[in-house]
Amino acid sequence: MVMGFAAPGPITVDGKTDDWAKVQPTDWSEQRGDIPPVRLCWSPAGLYGLVESPDRNVQVDDEEAWRNDSLQIFVEADAARRDAQLRKP
């Protein structure tokens with residue numbers, strides 16, 4: 001599970017990393033070694049994410065995106081799973 005934090009300032013969705021310097025990266029490479037760190041944050045305007053891919057040959061197939069280079073994000077808005085894990089004995 002990766003948690004996002006409040007954005008430290010405005011985030012411009014422009015493909016550049018300038019606005020992300022103060023957003024702490026989450027290293028989830030312990031789960032899978034080939035995944036780069038991700039930066040997640042939120043503001044009242046929305047949820048933002050940045051992943052810098054080392055892959056220079058990105059494969060795209062709109063009909064079967066899961067077979068090529070892709071990123072899947074699942075959002076759990078009410079944190080029910082996390083709260084349930086905290087209540088376990």
Side-chain angles (χ1 to χ4, degrees):
M1 175 176 14
V2 176
M3 303 288 287
F5 301 97
I11 300 288
T12 304
V13 181
D14 58 6
K16 298 177 184 174
T17 60
D18 304 353
D19 297 338
W20 294 91
K22 294 182 180 177
V23 178
Q24 184 69 26
T26 300
D27 184 8
W28 54 14
S29 62
E30 291 178 10
Q31 296 171 16
R32 273 191 68 184
D34 58 346
I35 301 174
V38 63
R39 297 172 194 258
L40 294 174
C41 63
W42 59 269
S43 76
L47 176 65
Y48 303 93
L50 173 72
V51 176
E52 294 181 78
S53 175
D55 188 349
R56 298 292 177 219
N57 185 23
V58 177
Q59 302 293 315
V60 178
D61 181 346
D62 290 339
E63 297 202 16
E64 295 184 340
W66 62 90
R67 294 190 182 270
N68 295 299
D69 296 327
S70 64
L71 174 69
Q72 295 181 356
I73 298 174
F74 300 91
V75 177
E76 184 175 4
D78 64 1
R81 239 186 288 190
R82 183 197 65 198
D83 292 344
Q85 288 177 347
L86 293 176
R87 287 192 298 267
K88 287 183 180 177

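Residues satisfying the side chain to side chain contact (heavy atoms under 4.5 Å, CB included) test with Glu52, not counting sequence neighbours, are Thr17, Leu50.
Among Asp19, Val23, Val51, the one residue that satisfies the side chain to side chain contact (heavy atoms under 4.5 Å, CB included) test with Arg39 is Val23.
The heavy-atom pair separating Cys41 from Trp20 by the smallest distance is SG-CZ3, 3.7 Å.
Note on Leu40 and Trp42: same hydrophobic cluster, where clusters join Ile, Leu, Val, Met, Phe, Trp and Tyr whose side-chain heavy atoms are under 4.5 Å apart, directly or indirectly.
With rounding to the nearest 0.5 Å, the separation of OG in Ser43 from CD1 in Ile11 is 8.0 Å.
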